[in-house]
Amino acid sequence: MGANPVSIKRGPCGVSLVRSHDHWAGRFAAMACPCDVLIEGGPQAQAKRMVDAIAECAWRIERKFSRYRPGSVVHYINDTAGTVVTVDDETANLLDFAATLTNLSQGRFDITSGTLRRAWTFDGGDRVPTQEQIDALLPLVGWHAVQWTRPVLRLRPGMQIDLGGIGKEYAVDAAAAIANTVAPGVSCLVNFGGDVAVVNARSDGQPWRVGIEKPDRLGTPAHVVQLYRGGIATSGDSRRFVLSGGQRYSHILDARTGWPVRNAPHSVTVTAETCTQAGSVTTLAMLQGENADAFLKSSGMDYWLQ
Amino acid sequence: MKETENFQTTLAAAACALLGTTLATRAAADEADKRWAFDSSLLYYGESDDRVQDISAMLSAQRSFGDERTLAATLTADTLTGASASGAIALDTPQTFTSPSGRAVYTTQPGDVPLDDTFLDTRFALNASWTQPLARLYTLSAGLGFSTEYDYTHLGANLSLARDFNKRNTTLSASVAWSQDDVDPVGGAPRPLSQMLDVGNSANKLGSDSKDVLDLLVGLTQVLGRNTVLRVNYSYSDSNGYLNDPYKILSVVDPISGDTVTRVPVGEGPTGVYVYESRPDSRTKQSLNAEVKHAFGARVLHVAYRFMTDDWGIDSSTAEARVRWPIGADSYIEPQLRYYTQNEADFYRASLVNGQALPQYASADFRLGDFDATTVGVKFGHRTASGNEWSTRVEYYQQSGQVPGDQIIGNQARREQYPDLRAVVVQFGYRFGL
Amino acid sequence: MKAVHLLVLGLSLAGCATVQPWERDVLARPEMSLDANPLDAAIDDHIYFSKEGSSGGRGFGGGGCGCN
């Protein structure tokens, strides 16, 4: 099989490092997905420093922005909804970015749409909420209802924010940037469950080759992207959906209506300068539903639809 | 497109603010953007002893449309000058021949193997193909080809279907190609086995003629391991129509001396009895071709073997090997070796014997003879910072043949009947994307 | 089609391990493609077609010419 393990190191939190024929492969788990780091050449000690720094970065961001973790900023904001909260620079940056996406998507994308989760459980089951249930939740959804003047935030009581839509891609870019400070110029590919970033191109002139899975045949790459530098992100419905009356309701909810987007593509993959930009475009594209293709065309980005 | 720019700028600026970095703009070296791939080549081919020289330029362009759909086109232009052996035998005396146009003569010195009258020919060729996935695991490819030169026009089409199996470890393919070629020789196509006539006499010259070729190919590509891939092709080819070389002749020789029967021309014309060659009007070829590529770390070895047999009695074997050896991160050197051997066609004749009945088919064209050929070459390539590649290739080709012993008559034995062909090939290539 | 499947299966089993899609890093390198240098191949095919009695074997894409 694949790599010849020249050396396997298991750190205290489950970071492994393995030597493949011309690169190092680090692996750990974060943000509920397998995280891979591929590093072009260099000594093992350097690879270890890079992977450790990337893992630390991923775990830090997860601890800080996960809505599940009691110590996280998001958890605190949601718990104290209705009161004034002063946030730090990093959180403020994320909120500003989310606001930009809300504008760019005319309100379809909204980090306050998490409240709608009370009506929808996307577990492959068939429970579809009624319009009354949705209507009851809509007053608690919408960035327009949030008071945000950096660095001060005030949600309406009962509102919730969820940075899950942008958090992972942000973490990928942040981790890739950290790796570049730990080992400047070394080519490293960061992959958190399909969200990828490369800051420095490989020194041998070859691209990193990334296989994109086909949603109906998980495990078989349908498409290979040659990535010299930049980011890749994929949005899809392959794992989270509700099946009811023959209709597949994707887990992507249109914040304006409270209903899932209709006829969204099975999956969208976009490449851009950063993983954050790529992820934003995939998310915004999925939110366009059947107009995803037209939206992607007008975005000017390179994309693959399935 | 303003909308697009606004969207991109807004998003880029927002990401910039979020990540606190200066991000590269879309324009900066993003090779993943390059959808057009070009490959160009300039070639010089030169044979020793003032024989053929050829300069050719090729440009190929390939455009991917995502989803593995590809359009490819190649344009070729080449200029051929020089002469090749006409098929007549060398003598101890000068020989004069009528040139193909029928309007002039040319003379060969004693001891020299007669070469065609020197000519200049320019050829243009265009090939285009379209490839696309037909369904999951199926790929379809269709192509058209066209070429034109002074005395020859070619039109062809091909279709190919491939199917992947076994997680794309195995690919089976079937292809068919058909072509129609029109031959319009200078001075007209001569009636086969008719005598070369004096200047101005075109009694035995017919007009133009044509041939068509059908090719079938079945191929299997198999991944043998992480570092190895194998391809085996079986092909069948059927040509029908005018298969002669209109400029090739045979000397008619005296049965004892082996020297060409002399002739006195009326005005200007041939000083010997020469007869135009005759080949069958159909040819069926079959070949089996196997090639393997194996990676030894960064080095790649490529070996290939082909066996061909046809109904003209020619069997040939070809063996090739190349090793691509990286030098540093950006360059490579690739030595190449090729060995080829074939035996003569059933109707190959070094010369025809005066007084004997004319055979149905006869040709003295060395390309249908019994010979070995070796190519030694080396290629050097370098990739630039922008991802483009320069390359240079130099090859030396030598062909050594022999006339079958039972076809050497009298004085022919003490002369060079089958001169070696020696050629040098120099090629410059540049591969770039846009 | 069934006969084809059997033939292909037989060949695949004949000592070839199945390489998984994620193990195709080496095979994906451009120089490992069997058609890595189409112009070189076309040039060689053309030269040998005009100087020898055999032709092709690798595939199509070339044109005819008056050289043989």
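Within every chain, numbering begins at 1; the chains are lettered A, B, ... in the order of the sequence lines, protein sequences first and strands thereafter.
- Counted by atom type alone, Y48(C) and T375(B) present one or more donor-acceptor pairs between their side chains at under 3.5 Å.
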* When you look at E52(C) and S316(B), which way does the side chain to side chain contact (heavy atoms under 4.5 Å, CB included) test go after all the steps? -> CA-CA 10 Å; E52(C) 297 171 353; S316(B) 77; over 6 Å; no

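- Heavy atoms of Y150(B) lying under 4.5 Å from chain C are absent altogether.
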* Apply salt bridge (Lys or Arg N to Asp or Glu O under 4.0 Å) to the pair E31(C) and R383(B), showing each step before the final yes or no. => CA-CA 13 Å; E31(C) 60 268 19; R383(B) 180 201 290 269; over 6 Å; no

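- H46(C) is listed as a side-chain neighbour of D78(B), based on a closest heavy-atom distance under 4.5 Å.
- Neither the backbone nor the side chain of Q286(B) has a heavy atom closer than 4.5 Å to any heavy atom of chain C.
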* Quick one: do Q427(B) and D40(C) satisfy side chain to side chain contact (heavy atoms under 4.5 Å, CB included)? Show the steps, please. => CA-CA 9 Å; Q427(B) 179 189 345; D40(C) 286 2; 2.8 Å; yes

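- Most heavy-atom pairs under 4.5 Å with chain C, from the set D39(B), D121(B), V300(B): that is D39(B).
- With a 4.5 Å cut-off on side-chain heavy atoms, I43(C) and S41(B) count as touching.
- With a threshold of 4.5 angstrom between heavy atoms, A373(B) approaches chain C through side-chain atoms but not through N, CA, C or O.
- Counting heavy-atom pairs closer than 4.5 Å to chain C, the top-ranked of the candidates A295(B), G156(B), G143(B) is A295(B).
- For the residue pair I47(C) and V425(B), the shortest heavy atom distance occurs at CD1-CG2, 4.0 Å.
- Between the side chains of R324(B) and N37(C), no donor-acceptor pair of N or O atoms lies under 3.5 Å.
- Only the side chain of K285(B) comes within contact range of chain C, with heavy atoms under 4.5 Å apart.
- Contact of Y332(B) with chain C is not made at all, since no heavy-atom distance falls under 4.5 Å.
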* To do: Carefully, step by step, assess D44(C) and R338(B) under the rule salt bridge (Lys or Arg N to Asp or Glu O under 4.0 Å).
  => CA-CA 11 Å; D44(C) 286 348; R338(B) 176 184 186 268; over 6 Å; no

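- Heavy atoms closer than 4.5 Å to chain C are found in the side chain of T221(B), but not in its backbone.
- Counting heavy-atom pairs under 4.5 Å between each of K248(B), Q399(B), R393(B) and chain C puts R393(B) at the top.
- Around atom CZ of F124(B), no more than 12 heavy atoms belonging to other residues, nucleotides or ligands sit under 6.0 Å away.
- No donor-acceptor pair under 3.5 Å is formed between the side chain of K51(C) and the backbone N or O of R367(B).
- Here the side chains of D35(C) and R231(B) are in contact, with some heavy-atom distance below 4.5 Å.
- Proximity to chain B is limited to the side chain of A42(C), based on heavy atoms less than 4.5 angstrom apart.
- Residue contact with chain C, scored on non-hydrogen atoms closer than 4.5 Å, involves the side chain of L421(B) exclusively.
- Across all non-hydrogen atoms, the minimal contact from K293(B) to S33(C) is NZ-O, 2.8 Å.
- For T74(B), the part sitting under 4.5 Å from any heavy atom of chain C is the side chain, from C-beta outward, and nothing else.
- Only the side chain of Y397(B) comes within contact range of chain C, with at least one heavy atom under 4.5 Å from a heavy atom of that chain.
- Rounding to the nearest 0.5 Å places OG of S54(C) at 5.5 Å from CD of Q342(B).
- Two residues are said to be in side-chain contact when any heavy atoms from C-beta on lie closer than 4.5 Å; L59(B) and L39(C) fail this criterion.
- Counting all heavy atoms, side chain and backbone alike, A36(C) lies closest to R431(B) at O-NH2, 3.2 Å.
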* Between L230(B) and L34(C), is a side chain to side chain contact (heavy atoms under 4.5 Å, CB included) present by the stated rule, with each step listed? -> CA-CA 9 Å; L230(B) 163 76; L34(C) 286 161; over 6 Å; no

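- Neither the backbone nor the side chain of V213(B) comes within contact range of chain C, judged by heavy atoms closer than 4.5 Å.
- At a 4.5 Å heavy-atom cutoff, Q180(B) makes no contact with chain C through either its backbone or its side chain.
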